[in-house]
There are 2 protein chains.
Amino acid sequence: MTISTKEKIFLISLDLFSQKGFSGVSIREITREVGIKESSLYNHFSSKDEILESILNFFREDFSKTLPPLETLDEILQKHSVESFLKAGLHNFKKYMEDETGQKMWRLLQVEQFRSPLAREIILHDLYGKTIEFLENVFTKFIEFKKIRPYNPKVLAIEYQYPVFSLLTEYNILKFDGKDTAELEKKLERHVDFFLNIILEK
Amino acid sequence: MTISTKEKIFLISLDLFSQKGFSGVSIREITREVGIKESSLYNHFSSKDEILESILNFFREDFSKTLPPLETLDEILQKHSVESFLKAGLHNFKKYMEDETGQKMWRLLQVEQFRSPLAREIILHDLYGKTIEFLENVFTKFIEFKKIRPYNPKVLAIEYQYPVFSLLTEYNILKFDGKDTAELEKKLERHVDFFLNIILEK
DNA sequence: GTCTATACAGTGATAGAC
DNA sequence: GTCTATCACTGTATAGAC
């Protein structure tokens, strides 16, 4: 399978934007890395802004696939214990964020959040909003099924997920510097254990 | 009290960098806002990079003052209940982050974290590291004094503080768009209540 | 869909007068 | 400590040949 020039531009732009920020990268730099002349880029994207926009829209669509649809939730929840469900979900989430492209997307969102309204929208609505909404549904059902203690499900969603987001921030910085992330993964495990301990406690 | 040209450059650079990122701001733009010519700026800072460096170093020193020194910790902990201590600490933290300059500093760190090794160092070592280290000490003593249940103090520090960091990320985006933060402050309160409930439970 | 050539405004920074 | 003037360079983007 070959990679088109447009895809090359997309991937190299993502890589550079995520490191230096949109304003820190020039068309010259992108096309040099791609191996074409500046003018050729405009056959694929009408402007530098359009490259960023297409990257952000791609992330949005791609990330929406990480959460299972609500209709299949009952079925999934029946098959798993609370512990295995949360650990499986975390595994998915980690895999997505450990993926090189996922990391770059995440970094790009961070560095462009105050320049791009779309980036802010994605962080608030998709990353934070959708994830919490999903978990709220999960915990509501777990409570219904009497599998966990009856806490406010929205609070549970936040208590579970928000530390994960912060750990992810740390993780990405460590990864960026090529540092060891073993201790961080332990922190993540201990967080899940702590949380499970609380909601399962009699 | 008057404000020197150097301070003006500092504050206007902070404002612009925090919105557009370092690369998105030109010397011309800074000096136009300050009201001097480009060449005059170099009487105060030797380069654009030096402005950023001085901002980051200022943040570092300034933030270190928000945490009370360890020597006074025993005294403070005797005077407060667990609840009043955590709520007072949160109040301090919030005040610092609600402050306009504090917000800009926080934004600057976020948008420059992958371009500036110093920014990464400040996030990891000062913001995350020092805060967790402090809280670990606090919870260790609370456990010693039998004021809370005997959990691993490092885990407690993370469970308490990491959601706060994520809430802060949300808070800053909402603030940037001039949106209402009332719901978010409720989230913060509910987090603290949830946490207190757990560690105080018999 | 790529190239050459080019437009031309904006970039960080410096020299030297006042 | 401010200014004017200027530097060499980089920025995005376009026209038109192949």
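Letters A, B, ... are given to chains in the order of the sequence lines, protein chains preceding strands, and every chain is numbered from 1.
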From CG of B:Leu52 across to P of C:dG12 the rounded distance in Å is 13 Å
Exam field: side chain B:Thr131 to backbone B:Leu127, donor-acceptor pair closer than 3.5 Å = yes
Does B:Arg32 or A:Ile36 map to a spot on DNA chain C nearer the 5' end, using the closest nucleotide for each?
-> A:Ile36
With A:Lys48 as the cation and A:Phe22 as the aromatic partner, state whether NZ or CZ is under 6.0 Å from the six-membered ring centre and within 45° of the axis.
-> yes
Taken to the nearest whole Å, CG/B:Leu41 to C1'/D:dT4 is 17 Å
Could you give the NE2-to-P distance, from A:His44 to D:dT12, as a whole number of Å?
-> 17 Å
Below 4.0 Å: OP1/OP2 of D:dG11 and any side-chain N or O of A:Ser26 = yes
Counting any heavy atom closer than 4.0 Å, what does B:Val34 reach on the DNA or RNA strands: base, sugar-phosphate only, or nothing?
-> nothing
Whole Å only: how far is the NZ atom of B:Lys37 from the C1' atom of D:dC3?
-> 8 Å
Do A:Phe10 and A:Phe58 have their ring centres less than 6.0 Å from each other?
-> yes
Between the side chain of B:Asp177 and the main-chain N/O of B:Lys179, is any donor-acceptor distance below 3.5 Å?
-> no
CD of B:Glu29 versus P of C:dG12: gap in Å, rounded?
-> 10 Å
Using the benzene-type ring in the case of Trp, are the ring centres of A:Phe142 and A:Tyr160 under 6.0 Å apart?
-> no
For nucleotides 13-18 of chain D, 5' to 3', base contacts (B), sugar-phosphate-only contacts (S) and non-contacts (-) with protein non-hydrogen atoms under 4.0 Å give BBB---
Tell me, please, whether A:Phe114 has B:Lys20 positioned over its six-membered ring: NZ or CZ under 6.0 Å from the ring centre and within 45 degrees of its axis?
-> no
Rounded off to whole Å, could you give me the CD1-to-P distance for the B:Ile30 and C:dG10 pair?
-> 16 Å
